[in-house]
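Here it is, the structure in full.
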Protein chains: 2
Amino acid sequence: MKNFIGDLNKAFESRVRLGMMSILMVNDYVDFGTLKEQLQITDGNLASHIAALEKLAYIEVRKQFIGKKPNTSYAATKQGKQAFAGHLDALEKLIKQSI
Amino acid sequence: MKNFIGDLNKAFESRVRLGMMSILMVNDYVDFGTLKEQLQITDGNLASHIAALEKLAYIEVRKQFIGKKPNTSYAATKQGKQAFAGHLDALEKLIKQSI
DNA sequence: TTATTAACTTTGAAATTCAAAGTACTTTTT
DNA sequence: AAAAAGTACTTTGAATTTCAAAGTTAATAA
């Protein structure tokens, strides 16, 4: 009976950030509006989760204009992907030992 | 790009409760001291997480004496195992779509 | 010029998590 | 017999986290 919870990354404990990273693992540059829609949260809430992941350098921001509209997009950094993969690893181990 | 975070169970967002349930999925009746040692938390903290899961009827309590020492043990209920399995399912989907 | 849109920031409240200390009851040690 | 220790808590309060709502900025559209 081993204990894997020590390998879980605190940054990904929240379901919102779990969802965000999951989306950003397979999509390069997803914009604010899309994230908001996918995660079904208010923009203030999303902005603060983004800030948390950005502070850890797990995601990066790209600001541009599409046509004449401002568009902010987010992508997982290499570090972010690595960290998230590690978290998923820990989750998988936990799942396996739970079966 | 589907979104699976809606299927995650809020009761299992905390790593402590995640760890507890993971232990109780494969071990029938684990006692307070063992859980405390495995999870590396204070007894007050453990007690409150236990209370949370008990309130949801995800775990049940058995109080007995072993020799002359009081011994309190916990087991996952059927509902608890079901709920946890559902949570792990959601996590697995999230993991799969993140690869 | 007023309204709208995008992407925030700020504020504050609610919820969560946690450690520390206290408690009750018993057993062990001195 | 008295003091110390163990088990399993409960209570308290503080720190952290999460969240929604409202306000902000800057640009565009009506």
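Chain letters run A, B, ... following the sequence lines, proteins first and then strands; every chain starts at 1. Because only heavy atoms are used, hydrogens play no part in the values below, and waters and symmetry mates are left out as well, while side chains stay in.
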Along DNA chain C (nearest heavy atom to each residue), the more 5'-positioned of E13(B) and G33(A):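 Checking each residue's closest nucleotide, the 5'-ward one belongs to G33(A).
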
I want to confirm an ordering. Mapping K10(A) and N71(A) to their closest nucleotides on DNA chain C, which one lands closer to the 5' end?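 Mapping each residue to its closest nucleotide by heavy atoms, the 5'-most match is N71(A).
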
Starting from C1' on dT16(C), measure out to CZ on F12(B) and report it in whole angstrom.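 Going from CZ in F12(B) over to C1' in dT16(C) covers 17 Å.
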
Would you say the side chains of Y29(A) and E60(A) form a donor-acceptor pair under 3.5 Å?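 There is such a pair between these side chains.
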
For E37(B) and dG6(D), what is the distance between atoms CD and P respectively, to the nearest whole Å?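 Between P of dG6(D) and CD of E37(B): 15 Å.
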
T42(B), nearest nucleotide to its side chain (from dA19(C), dA6(C), dT17(C)):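 The closest nucleotide is dA19(C).
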
Does R17(B) put a side-chain nitrogen or oxygen below 4.0 Å from OP1 or OP2 of dT16(C)?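 Result: no.
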
Minimum-distance nucleotide to K69(B) side chain [options: dA6(C), dT7(D), dA22(D)]: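 Output: dT7(D).
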
Picking from dT28(D), dT7(D), dT17(C), which would you name as closest to the side chain of K68(A)?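 For K68(A), the side-chain atoms sit closest to dT28(D).
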
Got a donor-acceptor contact below 3.5 angstrom from the R17(B) side chain to the A11(B) backbone?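 Between the backbone of A11(B) and the side chain of R17(B) there is a qualifying donor-acceptor contact (under 3.5 Å).
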
Nearest-Å distance, CG (L46(B)) to P (dT10(D))?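 L46(B) atom CG is separated from dT10(D) atom P by 11 Å.
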
Does a side-chain N or O from N45(A) land closer than 4.0 Å to OP1 or OP2 of dT18(D), or not?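 For N45(A), the contact criterion (side-chain N or O under 4.0 Å from OP1 or OP2 of dT18(D)) is not met.
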
Selection from dC19(D), dA8(D), dC18(C) that lies nearest to any side-chain heavy atom of H49(A):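 Given the options dC19(D), dA8(D), dC18(C), the side chain of H49(A) is closest to dC19(D).
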
Counting side-chain heavy atoms from C-beta on, which of dT7(D), dA22(D), dT17(D) comes nearest to D43(A)?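 Given the options dT7(D), dA22(D), dT17(D), the side chain of D43(A) is closest to dA22(D).
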
Between C1' on dC9(D) and NZ on K55(B), what's the gap in Å once rounded to a whole number?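 In whole Å, dC9(D) C1' lies 18 Å from K55(B) NZ.
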
How long is the line joining CZ of F65(A) and C1' of dA29(D), in whole Å?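 Taking CZ of F65(A) and C1' of dA29(D), I get 15 Å after rounding.
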
State whether Y74(B) places a side-chain N or O below 4.0 Å from either non-bridging phosphate oxygen (OP1 or OP2) of dA8(D).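 The answer is no; no side-chain N or O of Y74(B) sits under 4.0 Å from OP1 or OP2.
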
Nearest whole angstrom, please: distance from the P of dA8(D) to the CD of Q64(B).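 After rounding, the gap between these two atoms is 10 Å.
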
K36(B) NZ - dC18(C) C1' separation (whole Å):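 After rounding, the gap between these two atoms is 14 Å.
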
Consider only side-chain N and O atoms of T42(A) and N45(A), and report whether a donor and an acceptor are under 3.5 Å apart.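 There is no such pair (donor and acceptor under 3.5 Å, judged by atom type) between the side chains of T42(A) and N45(A).
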
Any side-chain N or O of K63(A) under 4.0 Å from OP1/OP2 of dC8(C)?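 Looking at the OP1 and OP2 atoms of dC8(C), one of them is under 4.0 Å from a side-chain N or O of K63(A).
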
Nucleotide dT5(C), atom C1' - distance to CG of D31(A) in whole Å: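 Atom-to-atom, D31(A) to dT5(C), this comes out as 13 Å.
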
Please work out if R15(B) contacts a base, only the sugar-phosphate, or nothing of the nucleic acid, heavy-atom cut-off 4.0 Å.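 Nothing, no heavy atom under 4.0 Å.
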
If you compare every side-chain N and O of T72(A) against the phosphate oxygens of dC8(C) (OP1, OP2), does one of them come in below 4.0 Å?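 Yes, within the criterion.
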
Among L24(A), L18(A), D89(A), L53(A), the one residue meeting side chain to side chain contact (heavy atoms under 4.5 Å, CB included) with F84(A):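 Single side chain to side chain contact (heavy atoms under 4.5 Å, CB included) partner of F84(A) among L24(A), L18(A), D89(A), L53(A): L18(A).
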
As a test of reading the structure: which of dA8(D), dT10(D), dC19(D) is closest to the side chain of V16(A), going by heavy atoms?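 Output: dC19(D).
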
I'd like to know if the side chain of S98(A) and the backbone of M25(B) have a donor-acceptor N/O pair within less than 3.5 Å.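 Judged by distance alone, no pair lies under 3.5 Å.
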
Closest listed nucleotide, where the reference is the side chain of A47(A) and the choices are dA6(C), dT18(D), dC8(C):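 Selected nucleotide: dC8(C).
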
Are Q64(B) and S73(B) linked by a side-chain donor-acceptor pair shorter than 3.5 Å?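 No, because no side-chain N or O of Q64(B) sits under 3.5 Å from a partner of the opposite role on S73(B).
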
